Amino acid sequence: MSQRPLTKDSQARTLRGWMLGLHATHIIDVGGRLGYFSALRQRAGRATAAELATAHNLDPWRTAVWCKAACTVGILRATDEIEDTSYSFAPFMDELLADNAPDLLTSHVLASLARDYPGYPEAFRTGATKTFHDHDEDFFAHQGRISALRAPLILAAARRLSGVEERLSAGGTIMDIGSGSGTVLVSFAEAFPGCQVIGIEPLPYFVHSSRQRLAERGLAQRVRVESVGGEGMDFERTADLITMVQVFHELPDTEKIAILRRCHHALKPGGSLLLVDRCAPESAHDIQDRRFSMSILEQWFEVTWGNIVNTRSEILAMLRQTGFSVSQENPDMVPTYWSFVADKS
Ligand SMILES: C[S@@+](CC[C@H](N)C(=O)[O-])C[C@H]1O[C@@H](n2cnc3c(N)ncnc32)[C@H](O)[C@@H]1O
């Protein structure tokens with residue numbers, strides 16, 4: 001496909017587009033948090049700014065400003081009525097910005113993460129870190145909601161692995177390292193009513209909220225969450241399957257090998273580790289490859305957290321060094337992630 005030549009004007013438009021995107025993300029985030037989208041839905045998709053303000057007892061003038069800004073970035077449309085202007089969703093935006101839709105949840109996570117940026121210049125000078133765990137509950141809660149959308153994909157990927165369906169159906173054990181809000185634990189426990197499930201999670205907020213989620217679903221007897229990091233887990237020949245989803249790059253770099261060894265130790269012979277994470281680009285060619293865009297951005301917004309997103313060669317080398325044989329390495333198993341299936345013989 002031929003590409004249009006870049007001109008100074010087209011490059012300027014690109015820059016302005018990114019800057020508009022910053023505003024758009026916050027307009028969407030604020031709209032979701034204040035309930036404007038749901039209020040619009042409750043009024044059959046059309047409302048005046050005054051009606052939206054009344055619905056949630058919000059300032060009418062600020063609400064009118066938000067409505068116009070939402071039109072400007074293309075998520076709402078305005079129509080002049082006899083008395084007032086009314087607002088409705090632009091095409092498809094109702095569905096895309098539904099309460100649990102990925103795009104709305106992503107805007108909440110991004111807005112939450114963007115609070116780190118003012119500290120970047122100083123952190124780049126001093127090397128100061130603010131870890132995943134140093135973030136606030138708003139960020140953890142939205143992480144959990146996004147994780148719920150990903151969990152069915154992890155279950156589906158695991159089911160396709162050789163022997164997993166049989167082992168878990170026959171009462172086997174699955175462990176999830178860095179189990180976060182517990183969505184993967186719930187998915188496996190509900191899909192395999194006879195299996196045992198163990199979550200390993202060091203963050204007290206997630207330990208508490210995932211135990212609560214499990215209790216609400218009546219799964220507390222069969223699923224336990226250990227309040228410990230991968231560094232502290234100590235299991236021998238226990239698990240048929242270990243999952244590690246969006247966690248490897250969160251592990252302290254100096255502990256990655258030791259934690260993989262503990263995973264190897266925790267698996268029964270013939271068991272597998274399903275490691276799903278981002279992979280850093282290995283070359284200039286990869287940097288231009290869209291499949292690496294999310295991993296590059298993830299390393300960017302976690303650059304002050306002390307996290308290192310490894311390349312696929314580095315991950316493969318660490319898996320082999322710790323005794324695994326890698327039977328699959330797949331960029332399509334879980335979209336936008338790289339998945340590794342590492343087996344214990
Ligand atoms: C991005 S979240 C992913 C959570 C979950 N796996 C999911 O898919 O939603 C990263 C998780 O890794 C956990 N984590 C961080 N350091 C860890 C460590 N040393 N050992 C185990 N888990 C860790 C965090 O507490 C958090 O729950």
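In listed order, ligands and their atoms are each counted from 1. Not measured: the values here are computed from a predicted model.
Of the protein's non-hydrogen atoms, the one nearest atom 25 (O) of ligand 1 is E201 OE2, 2.6 Å. Here the protein heavy atom with the shortest distance to atom 20 (N) of ligand 1 is G230 N, 2.8 Å.
Each of the atoms 27 (O) of ligand 1 lies under 4.0 Å from some heavy atom of F206. Every atom of ligand 1 is numbered from 1 in the order shown, and the set under 4.0 Å from a heavy atom of H133 is 15 (C), 24 (C), 25 (O). The contact set between ligand 1 and R150, taken as ligand atoms under 4.0 Å from a residue heavy atom, comprises 7 (C), 8 (O), 9 (O). Distances below 4.0 Å separate heavy atoms of Q246 from the following atoms of ligand 1: 1 (C), 2 (S), 3 (C), 10 (C). If you number the atoms of ligand 1 from 1 as listed, the ones under 4.0 Å from a heavy atom of L203 come out as 25 (O). Proximity to E231 (heavy-atom distance under 4.0 Å) selects the following atoms of ligand 1: 18 (C), 19 (N), 20 (N). For ligand 1, the atoms lying closer than 4.0 Å to a non-hydrogen atom of L251 are 17 (C), 18 (C), 19 (N), 20 (N). Numbered from 1 in the order shown, with element, the atoms of ligand 1 that lie under 4.0 Å from a heavy atom of Q143 read 1 (C), 2 (S).
By the criterion of a heavy-atom distance under 4.0 Å, the side chain of P202, and not its backbone, is placed next to ligand 1.
With hydrogens and angles disregarded, no donor-acceptor distance shorter than 3.5 Å links the side chain of T85 to the backbone of E81.
On a distance-only criterion, G229 and ligand 1 share no N/O pair closer than 3.5 Å. Where the criterion is an N or O separation shorter than 3.5 Å, residue side chain and backbone included, G178 meets it with respect to ligand 1. Between S147 and ligand 1, at least one N/O pair is under 3.5 Å apart.
Heavy atoms of V247 approach ligand 1 to within less than 4.0 angstrom.
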Test log, rule side-chain contact (heavy atoms from CB on, under 4.5 Å), inputs M333 and L274
CA-CA 11 Å; M333 205 184 256; L274 173 62; 4.0 Å; yes
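Residue E190 is tested with R222, R217, R213 for a salt bridge (Lys or Arg N to Asp or Glu O under 4.0 Å); the sole match is R217.
Taking a cutoff of 4.0 Å between a charged side-chain nitrogen and a carboxylate oxygen, R33 and D29 qualify as a salt bridge. Comment: R115 engages D138 in a salt bridge, judged by a side-chain N to carboxylate O separation of less than 4.0 angstrom. Contact check on R312 versus E314 returns no salt bridge, with no Lys/Arg side-chain nitrogen under 4.0 Å from an Asp/Glu carboxylate oxygen.
A cation-pi arrangement, defined by a distance under 6.0 Å to the six-membered ring centre and an angle within 45 degrees of its axis, is present between R159 and F192. Taking the centre and axis of the six-membered ring of F248, the NZ or CZ atom of K256 falls inside the cone set by 45° and 6.0 Å. Note that R46 lies outside the cation-pi zone of Y87, set by a 6.0 Å cut-off to the ring centre and a 45° limit from the axis.
Closest approach of V247 to G178, counting heavy atoms only: CG2-O, 3.5 Å.
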